[in-house]
Amino acid sequence: AGGARWCFAASPDGRTWAFAAQWRQGEDAHAVHLFDATLFMPTGRLTGAGSGTSCLTFSADGSKLACGTVGGEVLIWDVGGVNAETSRDK
């Protein structure tokens with residue numbers, strides 16, 4: 001139902017990008033991908049937004065990523081490490 005849905009956020013220092021795109025089915029359909037913007041390399045994959053991502057934003061210090069879902073949830077991930085692990089805090 002509907003077309004593609006894209007979300008993007010850059011950390012305050014610009015070094016980390018978060019990206020979510022829902023245009024297909026499968027295990028990556030609702031994942032948020034993290035990239036090192038200086039190397040243009042993936043650094044992590046976050047899951048848990050089961051209904052799809054509607055918005056992304058980093059905390060002021062860049063250590064947390066908030067994800068608003070289509071279903072009305074807000075997920076907060078700790079992304080302060082080099083490689084983000086999948087986690088879900090409420």
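None of these values were measured; they are calculated from a predicted model.
Between Trp6 and Phe19, the two ring planes are tilted [angle within 30° to 60°].
Looking at Val32 and Leu75, their side chains never come closer than 4.5 Å, going by heavy atoms from C-beta outward. When side chains are defined from C-beta on, Leu34 counts as touching Leu65, because their heavy atoms get closer than 4.5 Å.
Closest approach of Pro12 to Phe58, counting heavy atoms only: CD-CB, 3.9 Å. Annotation for Cys7 and Cys55: closest pair SG-N, 3.7 Å, computed over non-hydrogen atoms. Of all non-hydrogen atoms in Gly62 and Val79, the two that sit nearest each other are O-CG2, 3.8 Å. Minimum interatomic distance between Thr16 and Asp13 (heavy atoms only, all atoms of both residues): N-OD1, 4.2 Å.
For the atom pair CG (Leu46) and NE2 (His33), the distance works out to 9.0 Å, reported to the nearest 0.5 Å. With rounding to the nearest 0.5 angstrom, the OG1 atom of Thr38 is 9.5 Å from the CH2 atom of Trp17.
Remark: side-chain polar atoms of Ser54 are paired, donor with acceptor, to backbone N or O of Gly68 under 3.5 angstrom.
Hydrophobic clustering places Phe35 together with Phe8 (ILVMFWY residues linked when any side-chain heavy atoms are closer than 4.5 Å, directly or through intermediates).
Partners of Ser59 according to the side-chain contact (heavy atoms from CB on, under 4.5 Å) rule, which considers only residues two or more places apart in sequence or in another chain, are Asp61, Ser63, Lys64.
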